[in-house]
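Take a look at the structure set out below.
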Amino acid sequence: MATAGVAVANGSGGADTKAAFKEIYSKLKEEMLEDPAFEFTDESLQWIDRMVDYNVLGGKCNRGLSVIDSYKILRGVDVLSKEETFLACTLGWCIEWLQAYFLVLDDIMDNSQTRRGQPCWFRVPQVGLIAVNDGIILRNHISRILQRHFKGKPYYVDLIDLFNEVEFKTASGQLLDLITTHEGEKDLSKYNLTVHRRIVQYKTAYYSFYLPVACALLLAGENLDNFGDVKNILVEMGTYFQVQDDYLDCYGDPDFIGKIGTDIEDYKCSWLVVQALERTDEDQKKILFENYGKSDPACVAKVKDLYKELNLEEVFHEYERESYTKLTADIEAQPNKAVQTVLKSFLHKIYKRDK
């Protein structure tokens, strides 16, 4: 349901920001363990304590930290008040909780082995499919946190609507991905640029790129209805980010990016295979259909050779240049200078990344 390691923190969060962010996590978790709505047993408290740490922590927290960085830019300040810091960090953690909820369930659906260098939560002894309920609990924690800290705020309902809408878009994108790449029904003819774009847009771009900025805008007292263009730019940026991810899966240095790409073996609806399908003649298409989605290294090599023949590396670099030019022009057309700065800092972070 989610991409790994989205590098979207605007200023990547200074050491002070990261320290404050970490501190506020402990407070929010404590509140969840003391929630008066449920009579916890010692055993259930220990379970939730461990489950939240295991799943919410361990990532880079880029989505959460970018709420704080974006809010500072919108406010035009380097240092936020204690109250502002707390609220911005809390919304950042709500996004990290959302990410944890998606990943717990995503790993079960994908039958994955590891996540962030440790076994997936459902693979931990004694957890198994209890992880499904843990995912539901993580999602409910977000509602409890928002209610506890934002209920009196004028933008509370907008926050609830925002999280609900983004969750719906992400889950729907996940459905599209699952039914398009369904095991046992391997049919490359289902894959095309429109399908790829729709999956990426809904499954990744909204919650990874739009949600942190939308949270910062609401905190700054803005009406999200006035920022439709900003939403479109961020979704476009998220799409560009995922195309980069698809490219790096095949062409990135595994030692540098920290993982070995498996999109070809896993029959993923990757940007590269979609581009290949648009460019192949009948003989090349036959090679693709016969070898894509097989774990045999010889089959993977044949697909990669075909990508080379079709010059997909250059196709990607051309796409990257065009995307950057268009995104820069769209950002510079924004009337609000602070919003421009937020968007440029996101773009700067991801343009020509190599991991």
Side-chain angles (χ1 to χ4, degrees), residues 3-8 177 180-181 188-201 203-205 208-209 232-294 296-332 343-344 346-355:
T3 52
V6 177
V8 294
D177 193 18
T180 305
T181 62
L188 274 182
S189 60
K190 280 185 183 176
Y191 291 2
N192 58 54
L193 212 48
T194 309
V195 168
H196 176 269
R197 184 181 179 78
R198 197 171 290 146
I199 290 171
V200 168
Q201 192 176 320
K203 191 176 143 175
T204 303
S208 294
F209 283 78
N232 294 338
I233 290 167
L234 285 159
V235 169
E236 197 57 50
M237 229 182 273
T239 305
Y240 162 57
F241 181 92
Q242 186 59 48
V243 171
Q244 286 177 315
D245 230 40
D246 290 353
Y247 172 80
L248 289 171
D249 184 273
C250 184
Y251 293 105
D253 176 355
D255 292 336
F256 191 62
I257 62 176
K259 62 178 180 179
I260 295 166
T262 57
D263 281 1
I264 293 171
E265 294 94 319
D266 295 343
Y267 203 74
K268 287 282 167 66
C269 182
S270 157
W271 185 83
L272 291 169
V273 78
V274 164
Q275 291 295 333
L277 286 165
E278 289 202 346
R279 289 169 166 77
T280 47
D281 59 30
E282 284 312 307
D283 291 342
Q284 291 170 322
K285 197 161 278 181
K286 193 165 180 284
I287 293 169
L288 206 52
F289 272 71
E290 283 172 0
N291 294 284
Y292 199 75
K294 308 261 174 71
D296 179 351
C299 296
V300 175
K302 281 180 187 169
V303 174
K304 288 190 175 182
D305 286 345
L306 182 58
Y307 286 177
K308 198 169 183 178
E309 210 178 301
L310 296 168
N311 205 13
L312 291 192
E313 274 195 84
E314 185 45 47
V315 173
F316 168 75
H317 292 308
E318 182 58 31
Y319 164 83
E320 184 163 56
R321 283 190 293 273
E322 284 175 9
S323 292
Y324 183 77
T325 304
K326 184 180 186 314
L327 283 165
T328 303
D330 289 347
I331 290 167
E332 287 174 353
L343 295 171
K344 278 183 177 172
F346 266 69
L347 184 57
H348 170 71
K349 198 79 185 159
I350 63 171
Y351 180 55
K352 289 207 164 171
R353 69 189 177 98
D354 47 17
K355 65 189 288 186

Can you tell if the side chain of [X] reaches within under 4.5 Å of the side chain of [Y], non-hydrogen atoms only?
| X | Y | result |
| --- | --- | --- |
| Trp271 | Cys250 | no |
| Tyr292 | Leu277 | no |
| Tyr247 | Val243 | no |
| Val315 | Glu278 | no |

What's the spacing between [X] [atom1] and [Y] [atom2] if we round to 0.5 Å?
| X | Y | atom1 | atom2 | value |
| --- | --- | --- | --- | --- |
| Lys302 | Ile264 | NZ | CD1 | 13.5 Å |
| Leu312 | Leu272 | CG | CG | 6.0 Å |
| Tyr191 | Gln275 | OH | CD | 15.5 Å |
| Tyr319 | Tyr240 | OH | OH | 8.0 Å |
| Ile199 | Thr180 | CD1 | OG1 | 4.0 Å |
| Tyr351 | Leu347 | OH | CG | 8.5 Å |

Determine the minimum heavy-atom distance between [X] and [Y], stating which atoms define it.
| X | Y | result |
| --- | --- | --- |
| Ile233 | Asp330 | CD1-O, 3.6 Å |
| Asp246 | Cys269 | OD2-O, 4.5 Å |
| Lys308 | Tyr251 | N-OH, 4.4 Å |
| Ile287 | Asn291 | O-ND2, 2.7 Å |
| Gln242 | Val200 | CB-CG1, 3.3 Å |
| Ala205 | Gly238 | CB-CA, 3.8 Å |

**Prompt:** Taking the side chain from Asp249 and the backbone from Asp263, do they hold a donor-acceptor pair closer than 3.5 Å?
**Reply:** yes

**Prompt:** Do any N or O atoms from the side chain of Asp266 and from the backbone of Lys268 form a donor-acceptor pair under 3.5 angstrom?
**Reply:** no

**Message:** Testing the 3.5 Å rule here: is there a donor-acceptor pair between the side chains of Glu236 and Asn232?
**Reply:** no

**Asked** Do the side-chain N and O atoms of Glu313 and Tyr307 include a donor-acceptor pair separated by under 3.5 angstrom?
**Response** no

**Asked** Does the distance from a Lys or Arg side-chain N to an Asp or Glu carboxylate O, for Lys304 and Glu265, drop under 4.0 Å?
**Response** no

**Fill in**
Sequence neighbours excluded, the answer for salt bridge (charged side-chain N to carboxylate O under 4.0 Å, His left out) partners of Lys294 is none

**Message:** I'd like to know whether CZ of Arg198 has more than 12 heavy-atom contacts from other residues, nucleotides or ligands below 6.0 angstrom.
**Reply:** no

**Where at least one partner belongs to residues 280-289, residue pairs that pass salt bridge (Lys or Arg N to Asp or Glu O under 4.0 Å), sequence neighbours excluded** = Lys286-Glu290

